[in-house]
Amino acid sequence: MIRAYSLSNFPEEGFKLYREMRNRGITPDPLSSSFVTKSCIRMSSLLGGLQVHAKILEDGHQSDSLLLTTLMNFYSSCQKFDDACKVFDEMPQRDTVAWNVLISCYTRNGRTRDALGVFDMMESKRCGSQPDDVTCLLVLQACSNLGALEFGGRVHSYIREHGFGNAVNLCNSLIAMYSRCGCVDKAYQVFKGMPSKDVISWSAMISGLASHGHGREAIEAFWEMQRMGVAPDDQTFTGVLCACSHSGLVDEGWMFFDCMSKEFSVTPNVHHYGCMVDLLGRAGLLEQAYQLILSMRVRPDAAMWRTLLGACRIYGHVSLGECVIEHLIELKAQEAGDYVLLLNTYSSVGNWEKVIEVRKLMKEKEIQTTPGCSTIELTGVIHEFLVDDISHPRKNEIYEMLDEIGKQLKIAGYVAEVTSELHDLGSEEKESSLSYHSEKLAMAFGVLATPPGTTIRVAKNLRTCVDCHNFAKVLSGVYNRVVIIRDRTRFHHFREGRCSCNDYW
DNA sequence: TTAGGGTTAG
């Protein structure tokens, strides 16, 4: 009965039964304790779980590995990561599931690299338990988050070698991992090779294509999915609308937005509205975007307003930008990035007085800007760069290379953007146009440290600025390199002097 | 006597 409740929507009933059992003087067996722990996880009740843990020790069940695995998961889901690890350390035996829970604990705690370390250890048989299909799922998620393509490829090999290659859930994870690590081609290979595809496979592929700027292909995949008789769900439409927005397909976007509820019974959620606001905003239809936000049944969140604020920056729409900031202030959600966007909106129309005013305001409010940071993976090692970074051991070579690239690109027609863009600001004193943005440093390092022709993959925490975007474009032609930059919202593929996206012009 | 545990995709 406790088990039934722990799986139901009434987990607290399971906890009540457990208490009643104890009141009647009955000692629960490890199974019952495990079920009630699960109830505590579902109730997010830290206190309840702590009580159960104490009783487990009293009952003498502290050596039951399966019960301890549940307890570990309990601590992990309550964000008590040290306690979860302590339980793990005290387990007399650890099987694959216990190691899996440790991996998920690390991932939840942001210790993503340690999660990969556990996979290493399991694969090398140093811990007596081999990775199973669930291990692979968890590790692939970690790889997606880190952009760890090489490691993800290793997990892929492991999956093939151990006969998991046809598992739909694993293939779905592989599609997501390859897409998020910048390899849509590989994602598509996995997708094509699947004997059967479900709504998750299709949605993952559509989102992957969308994030890489292949809008038309993403929409084509949606229609193909219809022909195959797979019903789309909310996440499918998030992918489709995202495809429209990244490829500037306004009419198609409206069409999908209208038909999703009418024909497919999927009610638009905040993500769908967000995609539409992004799409309309990028297309310059700022008023339509604003009206759409006002028409929403749910209250718009800060992210929604920020999307519109970004569009105001692109089009230099000062009055709407000011209005959006008002909404953000009302939500008490204003962040450094918001002021930077407003500031850039003013600077895009040359209103320097206002620029100075906003800067002063930022200083007064002690608003800290997020430093731009770019990473590049070389033979499994992640190299990190900040703006004007001089901490890399090969800094001299990198700056020499950057100057050399600058000269070559100038010959090919690259002109540095002079408008004051503040995306990558380390401190508000710095004019970003005068400094070396983190992605430029990472690209220069890529040219320097990889053989000619190697694809340069850079991951950036913020959105890349117009100038760096131009720089990458020209570089891809002059140096004959494919450059892939993953910024905060999407991938940019630069090849032969062009980019796959339509965000910058 | 029987069964019932723990991790899990976009």
Side-chain angles (χ1 to χ4, degrees), chain A residues 1-7 14 28-42 49 52 56 61 64-77 84 87-88 91 93-108 115 118-119 122 129-145 152 155-156 159 164 166-180 184 187 190-191 194 196-211 218 221-222 225 230 232-240 242-243 271:
Chain A
M1 201 61 218
I2 297 178
R3 172 177 178 268
Y5 278 129
S6 75
L7 299 170
D29 63 357
L31 272 181
S32 317
S33 303
S34 173
F35 294 139
V36 77
T37 308
K38 244 186 149 174
S39 289
C40 294
I41 295 174
R42 290 199 60 143
V52 175
I56 288 169
H61 295 149
D64 188 308
S65 300
L66 272 70
L67 178 52
L68 292 181
T69 310
T70 320
L71 259 180
M72 236 183 108
N73 196 37
F74 158 75
Y75 282 117
S76 166
S77 62
V87 173
F88 181 82
M91 284 172 80
Q93 287 120 27
R94 302 175 191 102
D95 62 2
T96 299
V97 182
W99 288 98
N100 288 348
V101 177
L102 182 69
I103 292 175
S104 92
C105 178
Y106 281 157
T107 313
R108 283 201 259 217
V118 174
F119 181 83
M122 290 173 84
S129 305
Q130 280 221 19
D132 64 0
D133 52 338
V134 178
T135 319
C136 294
L137 279 177
L138 294 166
V139 174
L140 285 175
Q141 283 181 324
C143 292
S144 293
N145 294 339
V155 179
H156 192 178
I159 287 170
F164 305 138
N166 284 334
V168 179
N169 55 353
L170 282 172
C171 290
N172 293 346
S173 268
L174 283 168
I175 294 169
M177 183 277 291
Y178 278 126
S179 298
R180 293 189 57 197
V184 248
V190 174
F191 177 76
M194 289 175 77
S196 70
K197 305 173 180 77
D198 62 9
V199 59
I200 299 179
S201 330
W202 285 98
S203 307
M205 196 62 244
I206 288 170
S207 299
L209 288 166
S211 68
F222 177 82
M225 177 184 177
V230 181
D233 66 8
D234 54 337
Q235 297 206 53
T236 319
F237 280 105
T238 305
V240 170
C242 200
H271 301 291

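Not measured: the values here are computed from a predicted model. Per chain, numbering begins at 1; letters A, B, ... match sequence-line order. The figures that follow rest on heavy atoms only: side chains count, while hydrogens, waters and symmetry mates do not.
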Step by step, work out the side chain to side chain donor-acceptor pair (under 3.5 Å) result for Asp198(A) and Ser201(A). CA-CA 5 Å; Asp198(A) 62 9; Ser201(A) 330; 2.8 Å; yes
Within the 4.0 Å limit for protein heavy atoms, which parts of nucleotides 4-10 of chain B are touched? Write it as a string from 5' to 3', B for base, S for sugar-phosphate only, - for none. BBBBBBB
Asn172(A) vs Met194(A), side chain to side chain contact (heavy atoms under 4.5 Å, CB included): CA-CA, chis, key distance, verdict: CA-CA 9 Å; Asn172(A) 293 346; Met194(A) 289 175 77; 3.5 Å; yes
Trace of the side chain to side chain contact (heavy atoms under 4.5 Å, CB included) decision for Leu102(A) with Arg94(A): CA-CA 10 Å; Leu102(A) 182 69; Arg94(A) 302 175 191 102; over 6 Å; no
Inspect the surroundings of NE2 in His61(A) and state if more than 12 heavy atoms from other residues, nucleotides or ligands are less than 6.0 Å away. yes
When you look at Leu140(A) and Ile159(A), which way does the side chain to side chain contact (heavy atoms under 4.5 Å, CB included) test go after all the steps? CA-CA 11 Å; Leu140(A) 285 175; Ile159(A) 287 170; 4.0 Å; yes
